[in-house]
Amino acid sequence: LGLLLPPSLVFLLLAVNIPTMLKYLACSLCAVRLASVPSELRDRAALRFPPRLVAITGWAAALAAVVIIAAGVEADWKPYLLVAGWFVVGLVYYRVRGRRAPPSGQGE
């Protein structure tokens with residue numbers, strides 16, 4: 001649907017990059033969280049960076065994602081409405097699907 005709406009290339013670029021930056025932000029915050037708690041996953045990692053370095057890098061990456069997301073508002077604010085609309089659609093789907101799904105361990 002978003003591909004049918006773009007009045008400009010800036011709109012299309014922002015509509016694609018905003019969700020990408022949100023995913024990048026989430027992954028960066030997950031890295032911070034993973035570095036802050038003992039984890040079997042971290043213990044089995046091939047690259048063993050110090051947890052403090054991972055946390056600092058994760059916070060820096062999260063900040064960069066927020067800055068990039070905020071910088072796009074000045075170029076065109078309409079893609080943000082599109083992304084927010086898809087977010088609302090996703091929340092509604094999640095709520096409806098969550099009510100219909102059988103409790104875990106049942107219905108398998």
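When reading the values below, keep in mind they use all heavy atoms of this one structure, side chains included, and skip hydrogens, waters and symmetry mates.
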Which other residues belong to the hydrophobic cluster containing Leu81, where Ile, Leu, Val, Met, Phe, Trp and Tyr are joined when side-chain heavy atoms lie under 4.5 Å apart, directly or via other members?
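So far as hydrophobic clustering goes, Leu81 is joined with Trp77.
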Just verifying a value: how many Å separate [X] [atom1] and [Y] [atom2], rounded to the nearest 0.5 Å?
X	Y	atom1	atom2	value
Cys30	Lys23	SG	NZ	13.5 Å
Ile69	Leu25	CD1	CG	6.0 Å
Leu13	Ile18	CG	CD1	10.5 Å

Decide if atom OH of Tyr24 counts as having more than 12 heavy atoms of other residues, nucleotides or ligands within a radius under 6.0 Å.
no
Quick one, Leu22 and Val83 - any side-chain contact, counting heavy atoms below 4.5 Å?
yes
Is there a chain of hydrophobic side chains (I, L, V, M, F, W, Y, each step under 4.5 Å between heavy atoms) that links [X] to [Y]?
X	Y	result
Tyr94	Phe87	no
Ile68	Val73	yes
Leu63	Val32	no

Can you give me the closest heavy-atom contact between Ala55 and Ala35, atom names plus distance?
N-CB, 4.1 Å
Work out which heavy atom in Ala15 is nearest to a heavy atom in Pro79; give both atom names and the distance.
N-CB, 3.8 Å
With sequence neighbours excluded, residues passing salt bridge (charged side-chain N to carboxylate O under 4.0 Å, His left out) with Arg48
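Listed in chain order: nothing, the list is empty.
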Check: Thr57 side chain, Val54 main-chain N or O, donor-acceptor pair, under 3.5 Å:
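No, because the side chain of Thr57 does not come within donor-acceptor range (under 3.5 Å) of the backbone of Val54.
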Check for a donor-acceptor pair, side chain of Tyr80 on one end and backbone N or O of Leu14 on the other, with a separation under 3.5 Å.
no
